[in-house]
Amino acid sequence: MFKYDIPYAKPGQLSLLANGIPINVSKNKSYLCKKMKEQIDLVKQNGDCKNSIEYTIIDEEGKTIFSHTEIYS
């Protein structure tokens, strides 16, 4: 596995998704919210996106725990 590959969530972990693509896993929801905010700031700084990105935190069964849509312009 490469250094930046995101593994699948293990039992008890949550996954952070960006438009359905896993970008991080953790047992801690607040950690994933912090990572989401960092991702939003990074995209804004780089101007990588002209539309929107839906960020979702899901549990190991796929149930949505938190969802946020960031609109970039």
Side-chain angles (χ1 to χ4, degrees):
M1 179 166 32
F2 293 101
K3 182 177 178 183
Y4 297 105
D5 283 351
I6 303 300
Y8 289 101
K10 296 176 183 164
Q13 287 185 321
L14 304 172
S15 297
L16 172 62
L17 311 174
N19 288 341
I21 299 169
I23 59 173
N24 214 320
V25 295
S26 175
K27 290 185 177 186
N28 191 326
K29 178 185 167 189
S30 62
Y31 174 81
L32 292 178
C33 287
K34 178 183 167 201
K35 290 298 178 182
M36 177 189 68
K37 290 176 185 174
E38 290 173 2
Q39 180 74 18
I40 289 169
D41 291 341
L42 182 65
V43 172
K44 283 182 179 179
Q45 287 176 2
N46 292 336
D48 290 342
C49 185
K50 303 297 180 203
N51 299 312
S52 65
I53 297 177
E54 181 181 2
Y55 296 96
T56 311
I57 296 175
I58 61 170
D59 65 12
E60 62 189 69
E61 296 174 358
K63 179 181 171 191
T64 299
I65 302 298
F66 177 82
S67 182
H68 172 75
T69 300
E70 185 69 24
I71 299 172
Y72 302 95
S73 54

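Note: hydrogens, waters and symmetry copies are ignored here, and every other heavy atom, side chains too, is used.
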Side chains of [X] and [Y], heavy atoms from C-beta outward: is any pair under 4.5 Å?
X: Phe66; Y: Leu32; answer: no
X: Leu14; Y: Lys29; answer: yes
X: Glu70; Y: Val43; answer: no

Which atom names give the shortest non-hydrogen contact between [X] and [Y], and what distance separates them?
X: Glu54; Y: Thr69; value: CG-OG1, 3.8 Å
X: Asn28; Y: Ser26; value: N-OG, 3.0 Å
X: Glu60; Y: Lys10; value: OE1-O, 4.3 Å
X: Asn19; Y: Ser52; value: ND2-O, 4.0 Å

To the nearest 0.5 angstrom, please state how far the CG atom of Leu16 sits from the CD1 atom of Ile21.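 These two atoms lie 11.5 Å from each other.
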From NE2 (His68) to CD1 (Ile53), nearest 0.5 Å: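 Result: 10.0 Å between the selected atoms.
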Kindly work out whether a path of hydrophobic side-chain contacts (I/L/V/M/F/W/Y, heavy atoms less than 4.5 Å apart) joins Ile58 to Tyr31.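 No: no chain of side-chain contacts under 4.5 Å links Ile58 to Tyr31.
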Grouping I, L, V, M, F, W and Y whenever their side-chain heavy atoms are under 4.5 Å apart, do Leu17 and Val25 come out in a common cluster?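 They do not share one cluster, since no chain of ILVMFWY contacts under 4.5 Å joins Leu17 to Val25.
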Which residue in the set Ile65, Asn24, Thr64 passes side chain to side chain contact (heavy atoms under 4.5 Å, CB included) when paired with Ile57?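 Only match with Ile57 under side chain to side chain contact (heavy atoms under 4.5 Å, CB included): Ile65.
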